[in-house]
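All remarks here apply to the structure that follows.
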Amino acid sequence: MLGRMRLMLALIFTILVVFTARLMFLQLVKTDEFTARSQQNASEQQRIIPLRGRILARDGTVLADDRVAYDLLYRGGPAPEWTRLKALLGVDAELRQPDRNRPEEVQNGAVLVWNIPDTLVPAVEERVAGSSTLYLRERIERTYPTNLAAQTIGYTAQADPTRNIGYSTDDLVGVMGIEASYEAALFGNAGLRMVAVDNRGTEVASQGLWAATPGLDVVLTIDPQLQRLAEDVLAGALTYVNDDRVRVGLPLEESVRGAIVAVDPRNGEVLAMASAPTFDQNVFTHRPSDPDRVAAILNDSRNVPLANRAVEAYAPASTFKVVTSSTLLEDGYASRNTVYSCSARFRYGGIVWQNWATFDKGGYTVLDAIADSCNTYFWNAAVNTPNFAVGWAPFIEDVVERARDFGFGSTTDVGLIEEKAGRVPDETWVDAQPQYEHGWLPGFTLNTVIGQGDVLATPVQTAQFISTLAMDGMMARPHLVMQVGEQVMEPVIEQVEGDHWQTLQDGMALMFTDYPSANVLGPRVFPRSVAGKTGTAQTPRGGDYTHAWFMGYSPVEAPQIAVVVFIEYGGSSSRVSVPLARDFLAGYWTQQGVEVGTVR
């Protein structure tokens, strides 16, 4: 018996020794480790989202801004406060558990109520104070007060860290337009703070590790009055388009798709860049979002409202004839007074090529050929250049080189990542295309010199082109951004060599003095002189489903505004784009204090 008691006492003593040793080990040896673990459990690092920089028009009008929004979030678990909160906020919803398949809900919890009115925020804050499952989140929401230049300004979306490296799910990132192109400047730098929480997860203290740096404001060259004018003119284009549809017997259009670009030719500042149809950027940034409105924009495959048609590439049609005219003059193939026939038809290689006019117009100089857009003049001039029949002849090489001098075939760097480069088909490009397995034939040159075939140009490239012509070869690169933070962006100006600017200008001015467009923008009906060139581009749809172009500037003697009008499937350029240019220029000169009469 005594032996058993001794054994039991020894066993108990041994257990006590082991427990005592373990306790001493945990308290003395593991103290630092468990202290660190305790601190980790009681504190967490939180990212401080910086205020995004504003986007401003040249006069300070706010085009994109931030507002502080408040949302009610739920982490999961008991929430007895919810009944009263529902009554306060006027909602009739049940608690929704956070979706563990959505990273933002894993991190933040499920949103029960978005955008709580500012007047109710104090009351909600009081109700959730001390709750471990409900809390009020302060969030930055992007707003677009004017909705001007939607495709140019762009919009933001919630960042996806898997695609947007260095961002969190709470950050906003630019999706398109200036918002995307100047993302680095607009975003700024995130900060970090250490937050202490109690056992219910309620924040009890915080310490900033480093502060967030707000993004920089970006000031654009856009004139908000001219931008509104351009958008209004585009919105009213449907009347001209459908009048032309009735004339040629085509079905009426329901909406207009096109662009207007207005530039100061003296410095390249883009004063207006409108694309139609437009859209409301706030549909994408306001919470809660309306799925139907978002889908209506994203799924509109016919109108594609998100496309900025000012920087998309299309066949330039007869606007390109001024490039051809410049080549003929500068490379000595023709002079100001060289005459070629402006016939109704032109035969080459067993093919009959048609002018737009169905009757012979006699002999034309390059001035009349520009003003009246005579196809056959340019074809006759082309076939009379040396070795024309060999295909890739000296003349087409010179046309390509001249087009590149004017900026075609490369982006203008206007400030948008969506900008297309267009295309000027050179010999290297041709060799790489399977459709040219038999080489470049003379007929391809005949298409190219009138702006058809494989030539593609954007409205903003065309604005650069007409500005360069207006300024005697001084090419000021079109640009949208005037200032980023304190940094003023200087214009990029180059000189295109040439000796025949006056001839090209005279030909474009002749269009409004000696030809039918004089009834729309000529000196008898318009108070300021205008020079320009139309273009009616053939499309794969064929027939009268043509794109309508106009490029022009005013006044002729001292240019201060250059404008390009492009209407997708708009029909006749003289019946659609020229009247639209008049509407825009009338509004422009009216804003300058010039009295403009009404012509319809």
Side-chain angles (χ1 to χ4, degrees), residues 230 232-261 274 276 309 314-322 342 344 354-359 361 368-375 450-452 459 462 466 507-526 530-539 541-554 563-587 596-600:
D232 289 346
V233 168
L234 274 179
L238 194 60
T239 300
Y240 296 119
V241 171
N242 282 335
D243 284 351
D244 194 59
R245 289 289 178 91
V246 170
R247 183 186 182 102
V248 299
L250 291 179
L252 300 185
E253 273 287 357
E254 296 180 353
S255 60
V256 170
R257 299 177 294 279
I260 291 179
V261 179
R309 288 174 167 86
Y314 308 87
S318 294
T319 60
F320 196 78
K321 289 174 182 173
V322 189
C342 184
Q354 302 284 349
N355 191 20
W356 64 267
T358 58
F359 58 93
K361 294 199 165 193
D368 295 292
I370 292 172
D372 201 27
S373 200
C374 180
N375 291 340
I450 62 166
Q452 293 289 165
T462 307
I466 190 63
M508 291 188 292
L510 198 66
M511 174 183 173
F512 297 108
T513 57
D514 291 32
Y515 289 91
S517 291
N519 297 322
V520 183
L521 274 169
R524 290 185 296 102
V525 296
F526 200 73
V530 179
K533 182 74 191 75
T534 55
T536 304
Q538 297 173 0
T539 71
R541 293 177 69 177
D544 290 305
Y545 286 105
T546 52
H547 298 329
W549 285 91
F550 174 77
M551 63 176 188
Y553 61 93
S554 181
V563 61
V564 171
V565 177
F566 170 80
I567 304 297
E568 190 176 299
Y569 300 112
S572 165
S573 56
S574 60
R575 294 192 294 268
V576 175
S577 290
V578 173
L580 288 171
R582 186 207 183 273
D583 292 347
F584 179 80
L585 289 172
V596 181
T598 301
V599 174
R600 188 69 179 180

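Side chains are part of it too, since the values below use all heavy atoms of this structure and drop only hydrogens, waters and symmetry mates. Position 1 is the first residue of the sequence, and the numbers go up from there.
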Quiz item: Leu238 and Asn242: side-chain contact (heavy atoms from CB on, under 4.5 Å), yes or no, with the steps?
Solution: CA-CA 6 Å; Leu238 194 60; Asn242 282 335; 3.6 Å; yes
Quiz item: Can you list the steps and then say if Arg309 with Leu234 is a side-chain contact (heavy atoms from CB on, under 4.5 Å)?
Solution: CA-CA 12 Å; Arg309 288 174 167 86; Leu234 274 179; over 6 Å; no
Quiz prompt | Verdict with supporting geometry, His547 and Thr539, side-chain contact (heavy atoms from CB on, under 4.5 Å) | solution = CA-CA 7 Å; His547 298 329; Thr539 71; 3.5 Å; yes
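Among all heavy-atom pairs drawn from Val241 and Glu253, the shortest one is CG1-CG, 4.1 Å. For the pair Thr513 and Pro523, the tightest heavy-atom approach, listed with the atom from each and the gap, is CG2-CD, 4.3 Å. When all heavy atoms of Gly451 and Pro316 are compared, the closest pair comes out as O-CD, 3.4 Å. Of all heavy-atom pairs between Ala315 and Ala537, the closest is O-CB, 3.4 Å. Contact record, Ile567 with Val576: CG1-CG1, 4.2 Å, taken as the closest heavy-atom pair. Annotation for Ala274 and Ala230: closest pair CB-CB, 3.8 Å, computed over non-hydrogen atoms.
Using modelled atom types and a 3.5 Å distance limit, the side chains of Ser373 and Ser318 yield a donor-acceptor pair.
For the pair Gln452/Asn375, no side-chain contact is recorded, criterion being any heavy-atom separation below 4.5 Å from C-beta on. Pro459 places a side-chain heavy atom less than 4.5 Å from the side chain of Trp549. The shortest distance between side-chain heavy atoms of Arg575 and Thr536 does not fall below 4.5 Å. The closest side-chain heavy-atom distance from Lys321 to Ile370 is not below 4.5 Å. Contact of the Arg245 side chain with the Tyr545 side chain is registered, since non-hydrogen atoms from C-beta on lie closer than 4.5 Å. By the 4.5 Å heavy-atom criterion applied to side chains, Val525 and Phe512 are not counted as neighbours.
One distance of note links OG1 of Thr239 with CG of Asp243; it measures 6.5 Å at 0.5 Å rounding. Rounded to the nearest 0.5 angstrom, Met551 CE and Phe566 CZ are separated by 14.5 Å. Going from atom CG of Asp544 over to atom CG of Asp244 covers 7.5 Å, rounded to the nearest 0.5 Å. A distance of 11.0 Å separates OG of Ser573 from CG of Leu580, quoted to the nearest 0.5 Å. Here the straight-line distance linking atom CG of Asn355 with atom NZ of Lys361 works out to 7.5 Å at 0.5 Å rounding. Interatomic distance, CG of Leu585 versus CZ of Phe550, reported as 7.0 Å (0.5 Å rounding).
Evaluation of the salt bridge (charged side-chain N to carboxylate O under 4.0 Å, His left out) test over residues 516-526, restricted to residues two or more places apart or in two chains, returns none.
For Arg541 and Tyr569, the positive end sits near the middle of the six-membered ring, less than 6.0 Å away and at most 45° from its axis.
Enclosure of atom CD in Gln538 is not indicated, since only 12 or fewer non-hydrogen atoms of other residues, nucleotides or ligands lie within 6.0 angstrom.
Ser517 places no side-chain N or O within donor-acceptor distance of the main-chain N or O of Met511, the cut-off being under 3.5 Å.
Qualifying ring-ring contact (aromatic ring centres under 6.0 Å, His included) partners for Phe584, counting only residues two or more places apart in sequence or in other chains: none.
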